[in-house]
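Remarks on the structure that follows.
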Number of protein chains: 2
Amino acid sequence: MYVGIDLGGTNIAVGAVSDEGKLLKKASLPTLAGRSYKEIAADMADLCRQVTDGIGGIEAVKAIGIGSPGAVDSENGVVVFAGNLSLNNAPLADEVKKYFNIPVHMENDANAAAYGEYIACNVDADSFVFVTLGTGVGGGIIINKKIYSGFNGIGAEIGHMTLEMNGKECNCGNRGCYEKYASVTALIEQTKQAIEKNPASVMSDWVQENGHVSGRTAFECALNGDSAAVEVRDTYIRYVAEGIVSVVNIFQPELVVIGGGISKEGDILLNPIKEFVAKREFNKHMKKTDIQIARLFNDAGIIGAAMAAKANLE
Amino acid sequence: MYVGIDLGGTNIAVGAVSDEGKLLKKASLPTLAGRSYKEIAADMADLCRQVTDGIGGIEAVKAIGIGSPGAVDSENGVVVFAGNLSLNNAPLADEVKKYFNIPVHMENDANAAAYGEYIACNVDADSFVFVTLGTGVGGGIIINKKIYSGFNGIGAEIGHMTLEMNGKECNCGNRGCYEKYASVTALIEQTKQAIEKNPASVMSDWVQENGHVSGRTAFECALNGDSAAVEVRDTYIRYVAEGIVSVVNIFQPELVVIGGGISKEGDILLNPIKEFVAKREFNKHMKKTDIQIARLFNDAGIIGAAMAAKANLE
């Protein structure tokens, strides 16, 4: 048994995970961002005990994995910088290790989630890319069955490859980043603009009913045939697909998996992406990259962190 | 000693290479594209004998490496598809092996060149990306000290990542590919357009003197302060830099090396790229990717193929 910890801006989610990557028991506490890493580690330790209680206890755990936002030094188990948690050079792995005498491994949270989805796909792929559509666009790269994160631990920033030179300004300092077009934040912006231009759209009523614009607004209203909603949805899907073409041409991975809440739209999202990529990808003569929707969603981070800790033992 | 073979559209270039990656002796024959792979292999065998003659002979060669254009199946030593050579499923490695009883390893030519530059850099980097600015924009990726080329052998097509959605049409089927802006072909096109718009530019005289527009036209005339030439040069460099930002954000490699004939411009090309990338890259808190100019140029393919054959023995 392993334990996976998904350290988020809002919650610390912890799960006991079987050797095969099955989530056995889960619990969480609020992160209360701004606290010291020692306080956070204390809560993590409590949660570790809680999720293993009754299923063998902490003694049955071979290793603990932590997925943390921000820049992570996996080798030394340190959160180098995580702005939204106000953590700076926090030796979190060592701090958790103080509670239990077992190995603690740390990864960036997006990489941990990618690894979780990779394990869940149960393919023997050497190469795999995970693209999460959320507040931003996250990425995770598996090469030779291992998490690849560059020489400094912060690689795989798929969301910050340029999709449009001189395009929209991004917080990162670049312009035209993929996530400025393909994140759910971008979709919400695109939806708002369309509603403003088309006040008679069904989307206006949807917003009134639901209180606010969300990533689902255009997708749901498009099902009713609302033409403005259809246009928002299809344009957004096209943006997502444009980035996938680059990912495929650069990596030719065996599998690309698309995650994040919006990926629950399933085939409505997936099929036009596949169609667009098939037309645009460089590869005309060899085996082609498969594209799928994520399987684990919210649990990917926990399972991935646990499985990365397992892989690190081997 | 190893032998490296760089199979090009025009020439078959073969070199004897020391265990440390030093080119000892070189010879070439015209490819005469369109011939069968058996005829090409026969010339390769002749050249192998020629370059090893007097320095130990073929008996002193531990392995032969071939870099071939197109889609290459490294595992089986087959050129799956190389349009410019009219080769289809050609078992070139086995054919060369018939002449000498030593291992023959095959790679895509861009990957071989990347590996050559990687070895020449003499860094102990786990991650390295090579970007060649030529007729197109080629790429080569080294991860965990090994050539990475995707699950189907044709990855690392950096030139076919999208830099501009709905941008210029590319032969590959995509639009706005990096190479439509940053290849020397693109630079020549950009130079021609500028000359047309600015007939009084020094570039017009340059073309008269030299007979045709080349990748050097704008760079040389810019040195004389010609404003149209400066604009062409600086815009082109900016295009190159835009793509490097994406490469850095995706891979966070220890080192990016820029090759191709135009890279001989040295610091005039390199310094503004470095400046632009420093401003635009995602990484604000960790060690940063170094960017350098290639060392080997035309010999990279030979040396890289030889050294890849060596690595494949290990």
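In what follows, every chain begins at residue 1, and chains take the letters A, B, ... in the order their sequences are listed. Since the structure is predicted, the reported quantities are computational estimates derived from the model, not experimental observations.
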The test is side-chain contact (heavy atoms from CB on, under 4.5 Å); show your working for B:I273 and B:V240 and say whether it passes. CA-CA 7 Å; B:I273 291 175; B:V240 174; 3.7 Å; yes

If you measure only the distance, is there a donor-acceptor pair under 3.5 Å linking the side chains of B:R238 and A:N166? yes

Residue-level contacts of residues 145-153 of chain A with chain B, using a heavy-atom cutoff under 4.5 Å: A:Y148, A:G150, A:F151, A:N152

Do other residues, nucleotides or ligands put more than 12 heavy atoms under 6.0 Å from the CG atom of B:N171? no

Check the surroundings of atom CD in B:E231: do more than 12 heavy atoms from other residues, nucleotides or ligands lie under 6.0 Å from it? no

Under the 3.5 angstrom rule, does the side chain of A:N283 hit a backbone N or O of A:K287 as a donor-acceptor pair? yes

Short side-chain to backbone donor-acceptor contact, B:E117 and B:R295, under 3.5 Å: yes

Can you say whether B:F251 sits under 4.5 Å from chain A via the side chain, the backbone, both, or neither, judging by heavy atoms? both

Is B:Y181 in contact with chain A via its backbone, its side chain, both, or neither, using a 4.5 Å heavy-atom distance? side chain

Apply side-chain hydrogen bond (donor to acceptor under 3.5 Å, both in side chains) to residues B:N312 and B:E314 and explain how you reach the verdict. CA-CA 5 Å; B:N312 197 52; B:E314 285 161 5; over 6 Å; no

Residue selection (most heavy-atom pairs with chain B, distance under 4.5 Å) from A:H285, A:R175, A:K284, A:K279: A:H285

Which is it for A:K274 and A:I244 under the side-chain contact (heavy atoms from CB on, under 4.5 Å) test, yes or no, and what are the steps along the way? CA-CA 9 Å; A:K274 282 184 162 182; A:I244 307 280; over 6 Å; no

Please check if the side chain of A:N249 supplies one atom and the backbone of B:E157 the other of a donor-acceptor pair under 3.5 Å. no

Between A:T162 and A:N174, is any side-chain donor less than 3.5 angstrom from a side-chain acceptor? yes

Bottom line for A:F276: the part with an atom under 4.5 Å from chain B's heavy atoms is neither

Quick check on the interface: out of A:H160, A:M165, A:E281, A:M286, who has the most heavy-atom pairs with chain B under 4.5 Å? A:M165

Would you please go through residues 123-136 of chain A and name the residues with a non-hydrogen atom below 4.5 Å from one of chain B, in numerical order? A:S127

N-O pairing of B:K168 and B:E164 below 4.0 Å: no

For residues B:V137 and B:A182, report the shortest heavy-atom separation together with the two atoms involved. CG2-C, 3.7 Å

